[in-house]
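One-based numbering, in listed order, for ligands and for the atoms of each. These numbers come from a predicted model, not from an experiment.
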Amino acid sequence: KPTALVAGNWKMNGLASSQAELEALGNYLSDGSAADCDVLICPPFTLIAAFASNAPTGVAIGAQDCHTNKSGAHTGDISAEMLSDAGASYVIVGHSERRADHGESSALVRDKANAVLAEGLKAIVCVGETEAERDAGKTLDVVLGQVAQSVPAGSIPENTVVAYEPVWAIGTGRTPTVADVAEVHTAIRGALVERFGDAGNGFRILYGGSVKPSNAAELMAADNVNGALVGGASLKASDFNGIIDAY
Ligand code: 13P
C-alpha cells in the first residue's frame, strides 16, 4: 500500500499573514503525534518561495497550476521550472476549478502534467464528475476518461498522484457515500493497473471534496483511498491537523 498523502489546496486564499498557519502545522508535526503520512501544502504562487524556505520538517510545498512551457511570452503564467526554482516539489494540474474557469481540456492537463514531470516535480492530476454527470449515471465513464487522457504515459507512482474530486462535493459540505468513493477509486485503480501493469498498484489516489476532521477517518479508510486533497479545511491548522490525525 502506498504511503498516504494529505494535501492542502489553499486555492486563492492566503496572505503573507498565513505563515502562522504553517507554523501551527509545524508545531503539530514536530510534537511527535504526527501520523504516518506525507503532508503537502499548496499555497498561492506568491507564498511558495517563503513557505518552501520556512516549511517545517515533513511538510512539502506545492503549486496549484503551471504552464506547459518552460518560459516565453505567456503573460501571467508560471512554468514548472519557476515553481521548482521557488522550492515547490508538487504541482496540482487539472483541478475542476481550472477546467471550468479556464476551459482546460484533459489534453492540456496532460501536457501540464508532462511539464511537471520534465522538471522532476510530482504532478497531482485531478479528475471528477459534475452532479449532472453523476445523476445521468456517467460517473465512471467521465472519471476514467479523464484519467486516460490526463495522466501522462510517462507517469510512475513516484511522480504522479491522481486526485478524485467530485465537482459537486467541492466546497458544498456534501460527500459521496464511502461505498461510492470506494467504487470510483477501485475503478481508477483498475484503469491504472490495466495501463501501467503492476506499477498501477503503487499510485496514490486521493479523495477530495468537503473532507473535514469529522469525516476524514471513514473516507480515508475506503478501498483504494491513499490520502486526501483538502480545500477549505486546509486553511486552518487545527482542522488540517484533525485530518492528518485520520492516519
Ligand atoms: P473543499 O475541501 O473545500 O471541498 O475543496 C476540495 C478541493 O477542491 C481541493 O482541491
Side-chain angles (χ1 to χ4, degrees), residues 4-14 18 21 25 37-45 47-48 51 59-66 83 88-102 104 106 109 112-113 116 122-131 133-134 139 142-143 146-147 150-151 160-178 180-181 184-185 188 204-220 222 225-247:
L5 172 65
V6 176
N9 172 11
W10 281 20
K11 310 191 179 186
M12 198 171 69
N13 298 290
S18 313
E21 291 300 332
L25 179 63
C37 64
D38 293 338
V39 178
L40 168 68
I41 302 278
C42 298
F45 292 136
L47 294 179
I48 289 173
F51 275 29
V59 179
I61 302 300
Q64 302 168 18
D65 181 44
C66 69
L83 296 170
S89 52
Y90 285 79
V91 183
I92 297 169
V93 293
H95 192 281
S96 61
E97 287 153 14
R98 294 214 54 93
R99 290 177 188 259
D101 295 355
H102 301 276
E104 294 192 2
S106 285
V109 173
K112 289 183 173 200
V116 172
K122 298 173 177 43
I124 300 179
V125 179
C126 301
V127 299
E129 83 286 0
T130 63
E131 183 151 42
E133 288 163 342
R134 176 162 283 265
T139 297
V142 168
V143 168
Q146 290 174 337
V147 169
S150 305
V151 174
T160 303
V161 176
V162 176
Y164 169 56
E165 300 204 300
V167 176
W168 52 273
I170 294 176
T172 59
R174 298 162 57 208
T175 61
T177 63
V178 172
D180 285 345
V181 170
V184 175
H185 280 242
I188 294 172
R204 294 186 281 196
I205 307 173
L206 312 185
Y207 169 77
S210 297
V211 177
K212 53 192 177 186
S214 59
N215 64 15
E218 64 167 9
L219 289 168
M220 297 304 102
V225 174
N226 311 115
L229 182 53
V230 184
S234 71
L235 293 168
K236 269 182 66 189
S238 54
D239 285 345
F240 198 54
N241 287 337
I243 293 167
I244 294 168
D245 272 338
Y247 288 94

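Residue contacts with ligand 1 for Leu229 involve both N, CA, C or O and side-chain atoms from C-beta outward (heavy atoms, distance under 4.0 Å).
Heavy-atom distances between Gly208 and ligand 1 stay at or above 4.0 Å for every pair. Ligand 1 lies out of reach of Lys212, whose nearest heavy atom is not under 4.0 Å from it.
Between Tyr207 and His185, the ring-plane angle classifies as tilted under the 30° and 60° cut-offs.
Less than 4.0 angstrom separates some heavy atom of Ala169 from each of these atoms of ligand 1: 4 (O). Counting atoms of ligand 1 from 1 in the listed order, those under 4.0 Å from a heavy atom of Glu165 are 6 (C), 7 (C), 8 (O), 9 (C), 10 (O). The Asn9 neighbourhood of ligand 1 comprises atoms 9 (C), 10 (O), with distances under 4.0 Å to a heavy atom of that residue. Of all atoms in ligand 1, listed by their number and element, those nearer than 4.0 Å to a heavy atom of Gly209 are 4 (O), 6 (C).
Nearest to atom 3 (O) of ligand 1 by heavy atom, out of Pro166, Ser234, Gly232, Ala233, is Gly232. The nearest non-hydrogen atom to atom 4 (O) of ligand 1, considering only Gly171, Gly173, Gly231, comes from Gly171.
Under 4.0 Å is where a charged nitrogen must lie from a carboxylate oxygen, and between Arg98 and Glu104 at least one such pair does. For the pair Glu21 and Lys236, the salt-bridge criterion is not met [side-chain N within less than 4.0 Å of a carboxylate O].
Annotation: side chain of Cys37 is in contact with side chain of Ile244 (closest heavy-atom distance under 4.5 Å).
Counted by atom type alone, His102 and Glu97 present zero donor-acceptor pairs between their side chains at under 3.5 Å. Ser106 and Ser150 are linked by a side-chain donor-acceptor pair at a separation below 3.5 angstrom, with hydrogens and angles left out of the test.
The shortest N or O to N or O distance between Ile170 and ligand 1 is not below 3.5 Å. Considering backbone and side-chain N/O atoms, Ser210 comes within less than 3.5 Å of an N/O atom of ligand 1. The N/O atoms of Glu97, backbone and side chain alike, include none that comes under 3.5 Å of an N/O atom in ligand 1.
When ring centroids are compared, Trp10 and Phe51 come within the 6.0 Å threshold.
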Derivation of the salt bridge (Lys or Arg N to Asp or Glu O under 4.0 Å) call for Asp65 and Lys112: CA-CA 8 Å; Asp65 181 44; Lys112 289 183 173 200; 2.8 Å; yes
